[in-house]
**Student:** 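Below are the structure tokens for one structure; questions will follow.
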Amino acid sequence: MARKRIGILTGGGDVPGLNAIIKTVTYRGSEDDIEVVGLRRGWEALTHLDLDAPASKSHYLIPLNRENTRIIDRRGGTVLHSSRTNPSKMKKLPDHLAGEDLPVSESTKSGIATKTWDLTGQVLANLSRLGIEHLIAIGGDDTLSYADKLNGLGVKIIAIPKTMDNDVRNTEYCIGFSTAITRASDAIQRQRTTVGSHERIGIFRIFGRDAGFTALYTAYVTSIRCVIPEYKVNLDKLIQLLIEEKRANPSNYALIVLSEGAEWEGFRLQEYGEPDAYGHRKRTSVAEVLADEIKLRAGEETIVSDLTYDLRSGDPDFIDKLVALTFGNMAYDAILEGKTGLMSALVEGRYDLVPIPDAKLGPRKLDVASTYNTERYRPIYANKRGLPIFLNRAS
């Protein structure tokens, strides 16, 4: 009888803690004589894999075992690598599929025609030929949106949420969030000496395209101001608050952290470059724009620091390793029970399995009324009794 086989992949941006999931699933599988196959580069493994080409198989498939996963949890990143691949909207076909009759869509924007292919049929075919009975997909909103589509097509799949933005619905916590806050707060505390030495306003840009969790929680633990995507501040008022804080500080400086997607009244961030597989374009630095406005309106000098990619680098902290291991084991247990369409999660501070989020609902957002002081542009510190450990509820 053939051994039961499960697959595992990581999609989107890397975060610390992914390797802990991969290791614990592999170790559990070895104890139950279940084969675990690592799929390299996220969904790209299942769109680009040519099972009739040995080089393609060796590039996209990694048989996982206790030997090649023994020490991977000691470092960050993902040994399976990652990519931003959307099998439903491929802009370019893999070479071995060129000329094939595949579902295609055409759209026109700003006078430019774009053609995309839906390779879901190829994904399903590869899963079938590989004999993968269950799939674990680890990712954020984009990766999990396609996982939800596969579940609807009959693929047995369990999801694990990871993103520094902490904005996946149905869970209060995503892997990578704690380490990101730890890194950000450490960087800000270190840079106080430089900002204070030069008597300036320190401006920190942090991840958070659509939601302000990372900026707000960094501000919460460092006791500084923040601007988040969920609320557009008044720029003149913000600058005045920063100047007042600077003058009241014996060291004559002030600090503020901005989500990358933060905006203020009358201002909209510009985007540039080609959209990625899920339609996201890069955004200009809101921190640099704010620095220019402070100079123009108040004549104050600033220091700008971009804390984005550094926050996902390096080893996971204790919380991310603990949650990653637990989410991985929950996913594995769900597979043993034959479950599908579920995601490991924290709900009301407790571990649980919940439905994979509906992609049409978009990212989870901060509840401004309970988390953000719209008068002082700071986190709200009062009234936390009874909240889960991460101070927010799944939505």
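As the structure is a prediction and not an experimental result, all values here were calculated from the model.
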**Student:** Would the number of heavy atoms belonging to other residues, nucleotides or ligands and lying under 6.0 Å from CD1 of Ile389 be above 12?
**Tutor:**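 No, the 6.0 Å shell around CD1 holds no more than 12 heavy atoms from other groups.
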**Student:** Taking Ile380's backbone N and O only, do any of them form a donor-acceptor pair with Asn373's side chain (distance below 3.5 Å, no angle check)?
**Tutor:** no
**Student:** When you check the gap from the basic side-chain N to the acidic O, do Lys365 and Glu230 get nearer than 4.0 Å?
**Tutor:** no
**Student:** Around atom OH of Tyr381, are there more than 12 heavy atoms of other residues, nucleotides or ligands at under 6.0 Å?
**Tutor:**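 Yes - once you tally the heavy atoms of other residues, nucleotides and ligands closer than 6.0 Å, there are more than 12.
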**Student:** Is it true that a side-chain atom of Asp165 and a backbone atom of Thr214 form a donor plus acceptor pair closer than 3.5 Å?
**Tutor:** no
**Student:** State whether the number of non-hydrogen atoms from other residues, nucleotides or ligands found under 6.0 Å of Asp95 atom CG is greater than 12.
**Tutor:** no
**Student:** Running the 4.5 Å side-chain criterion over Ile, Leu, Val, Met, Phe, Trp and Tyr, what cluster does Trp117 land in, apart from itself?
**Tutor:** Met90, Leu93, Leu97, Leu102, Val104, Leu119
**Student:** Decide whether Ile72 and Leu325 are clustered together by the hydrophobic rule: side chain heavy atoms of Ile, Leu, Val, Met, Phe, Trp, Tyr closer than 4.5 Å, transitively.
**Tutor:** no
**Student:** For Ile201, is there any backbone N or O sitting under 3.5 Å from a side-chain donor or acceptor partner on Thr302?
**Tutor:** no
**Student:** Has Gln122 got a side-chain atom pairing as donor or acceptor with Leu46's backbone, closer than 3.5 angstrom?
**Tutor:** no
**Student:** Measuring centre to centre across the rings, with the benzene-like ring taken for any Trp, is Tyr217 within less than 6.0 Å of Phe177?
**Tutor:**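 That pair passes the under 6.0 Å test.
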**Student:** Would you say the side-chain atoms of Lys321 pair up with the backbone N or O of Arg74, donor to acceptor, closer than 3.5 Å?
**Tutor:** no
